[in-house]
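Presented below is the structure to which this report refers.
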Amino acid sequence: NAGVTQTPKFRVLKTGQSMTLLCAQDMNHEYMYWYRQDPGMGLRLIHYSVGEGTTAKGEVPDGYNVSRLKKQNFLLGLESAAPSQTSVYFCASSYQLENGYTFGSGTRLTVV
Amino acid sequence: GNSVTQMEGPVTLSEEAFLTINCTYTATGYPSLFWYVQYPGEGLQLLLKATKADDKGSNKGFEATYRKETTSFHLEKGSVQVSDSAVYFCALSDRGSGGSNYKLTFGKGTLLTVNP
């Protein structure tokens, strides 16, 4: 049981490049989330999904897109990376919110 | 709306000291409360939880009691170890009315450093 798996773990992008971060969960969870974590800012929700084929905006969605074509996968896309998107990105999933989230181990992204 | 306020860090303690990290919350419904821990370079892990008033969550020597009257969920440990050095996040999920809340609300995190 792998839980929540994020790929890649590290990435360096040049300004203007695009990339996709993949989150995969094998727990049959309905809810999935993308957060970013910056020093002194805590966790900020980018986008989330309450089920296959659905997505919704979080607190800081600008510059990001997401897709949930399959229940087990939640993709986060950066179409044109900017230095302000340098951060650590965490994916999480949940079956019932009363049980909390399961987090992935994170993707450290640097945009130069 | 929902909110979580936890004490600002950093908190620095000596090994075997007593730990308290304060957490208070505002919620519109009937929240479940959580403490997550993030060790350096890792993702967040669920440390403990409580789903109703007066419940006590406990794990790895940490405890927190859900106090509805004071809207608090303070994290405590009687004797900390160097290996407890991490960032601790308080969080809530609010079932609320209408069942439309689909996410946790997190505090900003408290950095704990334990020195030998």
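Letters go in sequence order (proteins before strands), and every chain restarts at 1.
B:V11 is connected to B:F73 through a chain of hydrophobic side-chain contacts under 4.5 Å among Ile, Leu, Val, Met, Phe, Trp and Tyr, so both are in one cluster. Under the 4.5 Å side-chain contact rule for hydrophobic residues, A:V88 and A:V111 do not share a cluster. Two different hydrophobic clusters hold B:Y36 and A:Y89 under the rule that ILVMFWY side chains link at heavy-atom gaps under 4.5 Å. Both B:L104 and A:Y33 belong to a common hydrophobic cluster when Ile, Leu, Val, Met, Phe, Trp and Tyr are linked at side-chain heavy-atom distances under 4.5 angstrom. No path of Ile, Leu, Val, Met, Phe, Trp and Tyr side chains, each step under 4.5 Å between heavy atoms, connects A:Y95 with B:F34, placing them in separate hydrophobic clusters.
Considering only heavy-atom pairs separated by less than 4.5 Å from chain B, the leading option among A:A92, A:G106, A:G100 is A:G100. Taking A:F90, A:F103, A:Y31 one by one and counting their heavy-atom pairs under 4.5 Å with chain B, the maximum is reached by A:F103.
Both the backbone and the side chain of B:L44 have a heavy atom closer than 4.5 Å to some heavy atom of chain A. If you measure heavy-atom distances from A:E30 to chain B, you find no contacts under 4.5 Å at all. In this structure, no portion of B:E8 lies under 4.5 Å from any heavy atom of chain A.
Taking CD from A:Q37 and CD from B:Q38, the interatomic distance works out to 4.0 Å, rounded to the nearest 0.5 Å. Atom NZ of B:K103 and atom CG of A:L45 lie 6.5 Å apart (nearest 0.5 Å). Between the OG1 atom of A:T54 and the OH atom of B:Y102 there is a distance of 9.0 Å, given to the nearest 0.5 Å. One finds the OG1 atom of A:T102 at 10.5 Å from the CD atom of B:Q45 (value rounded to the nearest 0.5 Å).
With a 6.0 Å radius and a threshold of 12 heavy atoms from other residues, nucleotides or ligands, B:Q81 has its CD atom above the threshold. Heavy atoms of other residues, nucleotides or ligands lying less than 6.0 angstrom from CD of A:E79 number 12 at most. The number of heavy-atom neighbours closer than 6.0 Å to CZ of A:R44, taken from other residues, nucleotides and ligands shown, is above 12.
Side-chain contact check for A:L43 versus B:K108: every heavy-atom pair is 4.5 Å or farther apart.
Between A:Y101 and B:F106, the angle of the ring planes lies from 30° to 60°, which puts this pair in the tilted group.
Contact detail for A:N99 and B:K49: the closest heavy-atom pair is OD1-NZ, 2.8 Å.
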